Amino acid sequence: MINRELIRIKIVQLTYAYYQNGNRNIDVAEKELLFSLSKSYHLYMYLLALMVAVSKEARRHYDVETAKAAREGSPLPSSKFVDNKFALQLEGNKYLCDFIDSQKQTWDDDVEFVRSLYNQVVQSRIYIDYMESDDDSYEADREVWRKLYKALIMENEELDALLEEKSLYWNDDKDIVDTFVLKTIKRFDPENNVKQELLPEYKDEEDKDFARKLFRATVLNADQYQHYMSETSRNWDFSRLAYMDVVIMQIAIAEMLTFPNIPINVTINEYVDLAKVYSTIKSAGYINGMLDAIARFLISTGKLLKPIPEKNSKKNKE
């Protein structure tokens with residue numbers, strides 16, 4: 001689940017913090033990086049568990065309404081939502097259950113929020129259409145949760161505030177983790193029952209090594225990389241560069257020189273996008289031009305053995 005996009009985001013954040021911290025210990029900083037990435041995975045599992053918590057709240061309401069109907073002799077409520085086959089499979093998922101059992105933090109601590117979210121669910125057009133539909137297939141059950149997640153969990157300011165209170169590491173993670181949750185929903189197959197695989201923390205050991213190597217290269221070779229910046233910035237106003245821009249370019253140079261299989265234009269585009277999020281309005285275009293110039297300088301001096309397109313294709317002045 002922890003892909004290179006998320007790793008780059010965390011390294012930008014942690015490298016900036018590393019230089020702001022007077023006590024610069026690279027081993028401690030690396031542990032902080034890996035811990036921060038592990039917290040992103042915890043958020044992924046926690047958001048999956050939120051759907052289970054809402055399903056349990058629905059069951060509680062159903063039991064109350066069923067008991068009331070029995071007392072009054074009125075028609076029983078529909079059990080369609082509480083019998084949702086996808087939700088029941090998720091609730092029984094071995095990997096999610098093991099994770100929840102290992103955590104002190106659960107949605108039982110936030111009953112009021114879960115109840116509020118459940119009320120938003122039952123009032124939504126998505127829920128109403130689902131309950132009125134005759135389609136009782138697994139696909140329909142899975143699809144209603146995909147829609148509910150996109151509509152009510154992805155864009156939920158109350159949830160964002162709650163998560164921010166729970167972990168400082170989750171401030172910037174939710175948008176990208178949401179995409180992994182949606183991918184997981186789509187991957188669920190009824191034939192896998194409780195053993196449906198969730199996304200692994202890392203795709204492979206190579207991605208975990210990518211995080212370590214990139215961070216260490218960035219910090220250990222900082223002086224050299226900043227020398228490359230100054231060497232190629234004669235036509236740029238380097239002295240007025242925002243400090244975050246220096247950090248972003250430093251990491252980009254580390255990636256270009258440390259990972260021979262990543263194309264130069266891919267690296268440049270990734271860090272131009274990060275500049276749009278973490279730096280100033282004008283930073284994206286500046287960083288695009290600087291990194292292109294630095295890459296050409298490194299190639300011309302034999303320090304970088306990669307081809308580079310004639311022109312970087314990224315639209316950097318968006």
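A quick note: this is a predicted structure, and the numbers were derived from the prediction, not measured. Scope of the values below: all heavy atoms of this structure, side chains included, with no hydrogens, waters or symmetry mates.
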- Item | Where Thr218 and Ala254 come nearest, the two heavy atoms and their spacing |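 Here Thr218 and Ala254 meet closest at OG1-CB, 3.5 Å.
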
- Item | Contact summary for Lys303 and Leu257, nearest pair of heavy atoms |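 Closest pair (atom of Lys303, atom of Leu257, distance): O-CD2, 3.4 Å.
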
Donor-acceptor pairs under 3.5 Å, side chain of residues 68-79 to any protein atom, not counting sequence neighbours: which ones?
from  : atom 1 : to    : atom 2 : distance (Å)
Ser78 : OG     : Lys80 : N      : 3.2
Ser79 : OG     : Asp83 : OD2    : 2.8

Taking the six-membered ring where the residue is Trp, are the ring centres of [X] and [Y] under 6.0 Å apart?
| X | Y | value |
| --- | --- | --- |
| Tyr44 | Phe180 | no |
| Tyr169 | His42 | no |
| Trp145 | Phe81 | yes |
| Tyr16 | Tyr278 | no |

I'd like to know if [X] and [Y] make a salt bridge, using a cut-off of under 4.0 Å between side-chain N and carboxylate O.
| X | Y | answer |
| --- | --- | --- |
| Asp110 | Lys166 | yes |
| Arg60 | Asp63 | no |
| Lys213 | Asp209 | no |
| Glu206 | Arg4 | yes |
| Glu143 | Arg146 | yes |

- Task: Count the heavy atoms belonging to other residues, nucleotides or ligands that lie under 6.0 Å from CD of Glu205, then report whether that count exceeds 12.
- Result: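 It does: Glu205 CD has more than 12 such atoms within range.
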
Minimum side-chain heavy-atom gap [X]-[Y] below 4.5 Å:
| X | Y | value |
| --- | --- | --- |
| Met51 | Leu90 | yes |
| Phe188 | Asn93 | yes |
| Pro260 | Leu305 | no |
| Ile176 | Asn3 | yes |
| Leu50 | Leu159 | yes |
| Tyr225 | Ile294 | no |
| Leu6 | Ser40 | yes |
| Lys208 | Ile2 | no |

Hey, does the side chain of [X] reach the backbone of [Y] with a donor-acceptor pair shorter than 3.5 angstrom?
| X | Y | answer |
| --- | --- | --- |
| Asn288 | Ala284 | no |
| Thr15 | Val12 | no |
| Asp141 | Lys85 | yes |
| Gln196 | Gln89 | no |

- Item | Member of Phe99, Tyr41, Trp107 meeting the ring pair (Phe, Tyr, Trp, His ring centres under 6.0 Å) criterion with Tyr46 |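 Of all the options given, the one that passes is Trp107.
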
Kindly write out the residues that satisfy salt bridge (charged side-chain N to carboxylate O under 4.0 Å, His left out) with [X], not counting sequence neighbours, or none if the list is empty.
| X | value |
| --- | --- |
| Asp109 | none |
| Arg8 | Glu255, Glu270 |
| Asp135 | none |
| Arg115 | Glu57, Glu112 |

Between [X] and [Y], is any side-chain donor less than 3.5 angstrom from a side-chain acceptor?
| X | Y | value |
| --- | --- | --- |
| Tyr19 | Gln250 | yes |
| Lys10 | Ser36 | yes |
| Tyr130 | Asn84 | yes |
| Asn192 | Glu197 | no |

- Message: Could you walk me through whether Asp178 and Tyr149 satisfy the side-chain hydrogen bond (donor to acceptor under 3.5 Å, both in side chains) test, starting with their C-alpha distance in whole Å, then the side-chain angles of each, then the deciding distance to 0.1 Å, before giving a yes or no?
- Response: CA-CA 9 Å; Asp178 280 335; Tyr149 191 95; 2.6 Å; yes

Can you hop from [X] to [Y] via hydrophobic side chains spaced under 4.5 Å?
| X | Y | result |
| --- | --- | --- |
| Val64 | Val54 | no |
| Val52 | Val122 | yes |
| Val277 | Trp170 | yes |

- Message: Under the rule for side-chain contact (heavy atoms from CB on, under 4.5 Å), what residues qualify as partners of Glu132, not counting sequence neighbours?
- Response: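 Applying side-chain contact (heavy atoms from CB on, under 4.5 Å) to Glu132 gives Arg125, Ile128, Asp129.
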
- Query: So Phe210 and Phe259, would you call those rings parallel, tilted or perpendicular, with 30° and 60° as cut-offs?
  - Reply: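 Tilted.
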
